[in-house]
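Below is one structure; the comments refer to it alone.
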Amino acid sequence: GENVEQHPSTLSVQEGDSAVIKCTYSDSASNYFPWYKQELGKGPQLIIDIRSNVGEKKDQRIAVTLNKTAKHFSLHITETQPEDSAVYFCAASHNQAGTALIFGKGTTLSVSS
Amino acid sequence: KAGVTQTPRYLIKTRGQQVTLSCSPISGHRSVSWYQQTPGQGLQFLFEYFSETQRNKGNFPGRFSGRQFSNSRSEMNVSTLELGDSALYLCASSLIGEEQYFGPGTRLTVT
């Protein structure tokens, strides 16, 4: 079955720096790749997603890139702020509905001011 | 529009007991998925229901089951609880082919 690996497990940056989190997946049939942010005591919240027919997607300070050949995708956060501190999860799905997500283990991002 | 709601938020059960968790999806969402989150295994997919039918299933033992009602509300049941079932159980709902919205979860502790 699908396996998603996520690196690094922890990431500490200074406010204003950029942060990059990388994920690789094993199932070449995967076609939907969302990124979630989870704050303490809350459920995961979608921050950006990308489908396999797109190579890059950007939403303000957040961008995601997808390399289908290498089977990896990355989250890029620019101009980080203290409120970006949270756990970030990447995920992959191979069904058309984008459900049955397989998640990476998560990255704890700490942004210090 | 109200988000995904899960009840109860916290639950303490004893080994061997069974438990039922409830999830009310966002209005209009017909797909409901359940996930288990633990520090060791992370977020793992349990199952997905759509129009009262189980559409996808993860790799969990038969002690874990679920169902969906005609109003799209869903319940999951865990029978013969084990200590390892202690986890945050998350429910997510979505429109067909759209992003999944997660609820706050139910924290289950098995003693």
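The structure presented is a predicted model; accordingly, all values stated were derived computationally and were not measured. In what follows, every heavy atom counts, from backbone to side chain, and hydrogens, waters and symmetry copies are set aside. Numbered from 1 within each chain, the chains take letters A, B, ... in sequence-line order.
A:Lys57 places a side-chain N or O within donor-acceptor distance of the main-chain N or O of A:Asp49, the cut-off being under 3.5 Å. Panel note: side chain A:Thr80, backbone A:Gln14; a donor-acceptor pair is recorded below 3.5 Å.
Linking Ile, Leu, Val, Met, Phe, Trp and Tyr residues whenever their side-chain heavy atoms come within less than 4.5 Å places A:Ile50 and A:Trp35 in a single cluster. There is a path of hydrophobic side-chain contacts, each under 4.5 Å, that joins B:Phe64 to B:Leu81. Linking ILVMFWY residues whenever their side-chain heavy atoms come closer than 4.5 Å, directly or via other members, places A:Ile62 and A:Val64 in the same cluster.
When heavy atoms are compared at a cutoff of 4.5 Å, B:Ile96 does not approach chain A at all. Proximity to chain A (any heavy atom under 4.5 Å) is restricted, for B:Glu48, to the side chain, taken from C-beta onward. With a 4.5 angstrom heavy-atom cutoff, A:Pro34 does not touch chain B via any of its atoms. Using a 4.5 Å cut-off between heavy atoms, B:Leu46 does not touch chain A at all. Neither the backbone nor the side chain of B:Phe50 comes within contact range of chain A, judged by heavy atoms closer than 4.5 Å. With a 4.5 angstrom heavy-atom cutoff, A:Gln38 touches chain B only via side-chain atoms.
Side-chain contact between B:Leu83 and B:Arg15 is present, with at least one heavy-atom pair separated by less than 4.5 Å.
Each of A:Gly1, A:Gly43, A:Ala100, A:Ala91 has some count of heavy-atom pairs under 4.5 Å with chain B, and the biggest count is that of A:Ala100. The greatest number of non-hydrogen atom pairs below 4.5 Å with chain A, out of B:Gln44, B:Arg9, B:Gln37, is found for B:Gln37. Residue with the most contacts toward chain A among B:Arg107, B:Lys57, B:Gln41: B:Gln41 (heavy-atom pairs, distance under 4.5 Å). Contact count versus chain A (heavy atoms, under 4.5 Å) is highest, among B:Gly42, B:Gly97, B:Pro104, for B:Gly97.
A salt bridge between A:Arg61 and A:Asp84 is present, with a side-chain N of the basic residue lying under 4.0 Å from a carboxylate O of the acidic one.
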